[in-house]
Amino acid sequence: MAGTDRFGLGAGPAMRRAVVWFCVAGWCAAALPAQDNGVPTLHVYPNLVQIPTLVLDDDLKPIVPIAEKRFFISLDGGPKFRVTHARLEGDEPISLAILLDVSQPYPTLMAKMDDAIAGLARVSLHAQDHVSIYSMYCKLVRTSIDAPADGALLKGAVDRALAEWSAGAQDRHKRDCQKPSNLWDSMAFAANELSTRPGRRVLLVVTDGVDRGSRTSFTALRDFAQERSVAIFGLLQSGDVSGLLPMGTPNRSSAFNALCELSGGMVLTAAPKELAERLKWFTTLLRDRYILEF
């Protein structure tokens, strides 16, 4: 687990806000020069670590490009060392899970969510990307599992995911959910399914950031996301800034912000009229992450 002091990865003014949050174990192989008998020797090292890394300026915009030699890493407070390689994530395949929290009191972003996610597939996602759709209302519902990033398919999946909520939207405060799904539990379920997918794993949660009684603990969810390389991003409606508060703030949703940051993501906000553009910005952040290797 790489340590972070929020924005403390590199040196120099262009690196003022660098964020490192989680690691992925992999494999590295190198062919050495031929030995005396003329046969090359292949050495395989099962300890290559990759860290998807957000590097942001004071306006939370990605800083690109940054020279590879400017990235250093410290493990558990130990001495800094230079990374072996650094590159932009670019067009690498993404496995994206989208969790729509319509159990919150005023989920105003949901009205145009089907068109916004369909547009995201057409404009920002690629053929090799795959998307799963979940919603939490009276129960957790999954309407798409690892589907190709096709606009029509995803629009239909979102519509089905929101069908129960849409049918009762005018009377949502009087619904009689006996055992409603809760945020940490639903995120844990989606992250668990996502953990088996190839590519860069990302969980986008559209919510107010408040857990209302999950059996899954904050610590268990955080550790699982870190261990399985699932970066959590949050999308809150503008004005619902409580989900942006740091840990230690006396507010129930402050933990949501910490979950996102400690897993390699962050919390974004959007008004309904700018939802489509904010989702595009979200994918820009993903493509502009650095992959640090050591």
Examine V131 and V123 and state if one hydrophobic cluster contains both, with Ile, Leu, Val, Met, Phe, Trp and Tyr joined whenever side-chain heavy atoms are less than 4.5 Å apart.
no
Please walk me through it: do Y106 and Q237 pass side chain to side chain donor-acceptor pair (under 3.5 Å)?
CA-CA 9 Å; Y106 303 102; Q237 58 194 19; over 6 Å; no
My understanding is that only one of F256, F282, W281 makes a ring pair (Phe, Tyr, Trp, His ring centres under 6.0 Å) with F233; could you say which?
F282
Under a 3.5 Å distance rule, please check whether R212 uses its side chain to pair with a backbone N or O of V210 as donor and acceptor.
yes
Identify the heavy atoms of G264 and L54 that sit nearest to each other, and give their distance.
O-CD1, 3.9 Å
salt_bridge(R289, E89) N-O dist < 4.0 Å
yes
Ring centres under 6.0 angstrom apart (F81, F72)
no
Listed partners of F189 passing ring-ring contact (aromatic ring centres under 6.0 Å, His included), at least two apart
none
So salt bridge (Lys or Arg N to Asp or Glu O under 4.0 Å) across residues 151-163, not counting sequence neighbours, yields D114-K155, D115-K155
Compare all side-chain heavy atoms of I51 with those of I73 and state whether any distance is below 4.5 angstrom.
yes
In one Ile/Leu/Val/Met/Phe/Trp/Tyr side-chain cluster, 4.5 Å: F224, L140
no
Closest approach of M113 and L275, non-hydrogen atoms and distance?
CE-CD2, 3.8 Å
Kindly indicate, with the supporting measurements, whether the criterion side chain to side chain contact (heavy atoms under 4.5 Å, CB included) is fulfilled by I133 and L99.
CA-CA 6 Å; I133 302 293; L99 173 60; over 6 Å; no
Without swapping roles, check the side chain of T143 against the backbone of A157 for a donor-acceptor pair under 3.5 Å.
yes
Is any NZ, NE, NH1 or NH2 atom of the basic residue among R197 and D129 found under 4.0 Å from an Asp or Glu carboxylate oxygen of the other?
no
Heavy-atom closest pair, residues Y290 and I63
OH-O, 3.0 Å
Are V141 and L194 connected, step by step, through hydrophobic side chains (Ile, Leu, Val, Met, Phe, Trp, Tyr) whose heavy atoms are closer than 4.5 Å?
no
Checking side chain to side chain contact (heavy atoms under 4.5 Å, CB included) for the pair F71/R82: CA distance, chi angles, key distance, verdict?
CA-CA 6 Å; F71 287 97; R82 184 169 289 166; over 6 Å; no
Has the side chain of S95 got a donor or acceptor atom that lies under 3.5 Å from a matching backbone atom of P198?
yes
Could you tell me which residues satisfy side chain to side chain donor-acceptor pair (under 3.5 Å) with S124, sequence neighbours excluded, listed by chain and number?
T283
Suppose the criterion is salt bridge (Lys or Arg N to Asp or Glu O under 4.0 Å): which pairs have a residue in residues 97-111, not counting sequence neighbours?
none
Would you check if the side chain of T196 reaches a backbone N or O of N192 as a donor-acceptor pair within less than 3.5 Å?
no
Backbone N or O of A161 within a donor-acceptor pair of the S135 side chain at under 3.5 Å?
yes
Polar side-chain atom of S186 near backbone of L183 as donor-acceptor pair, under 3.5 Å:
no
Would you call E164 and K139 a salt bridge, using N to O less than 4.0 angstrom?
no
I94, L153: one ILVMFWY side-chain cluster at the under-4.5 Å cut-off?
no
I need the S132 OG to I98 CD1 distance, nearest 0.5 Å.
9.0 Å
Those residues at least two apart in sequence (or on a different chain) that pass salt bridge (Lys or Arg N to Asp or Glu O under 4.0 Å) with R87 are E92, E293
Okay, side chain of D57, backbone of D59: is any donor-acceptor separation there less than 3.5 Å?
yes
Partners meeting side chain to side chain donor-acceptor pair (under 3.5 Å) with Q128 (sequence neighbours left out)
none
Donor-acceptor pair, R201 side chain versus S195 backbone, under 3.5 Å?
yes
Any donor-acceptor pair under 3.5 Å from R200 side chain to P93 backbone
no
What's the spacing between L268 CG and L235 CG if we round to 0.5 Å?
6.5 Å
Would you please test I291 and T53 for side chain to side chain contact (heavy atoms under 4.5 Å, CB included) and show each step?
CA-CA 6 Å; I291 306 300; T53 306; over 6 Å; no
Are D211 and S214 close enough that a side-chain donor and a side-chain acceptor fall under 3.5 Å?
yes
M266 vs L60, side chain to side chain contact (heavy atoms under 4.5 Å, CB included): CA-CA, chis, key distance, verdict
CA-CA 10 Å; M266 61 184 296; L60 299 182; 3.9 Å; yes
Would the distance check show the side chain of S238 and the main-chain N or O of A271 forming a donor-acceptor pair, the cut-off being under 3.5 Å?
yes
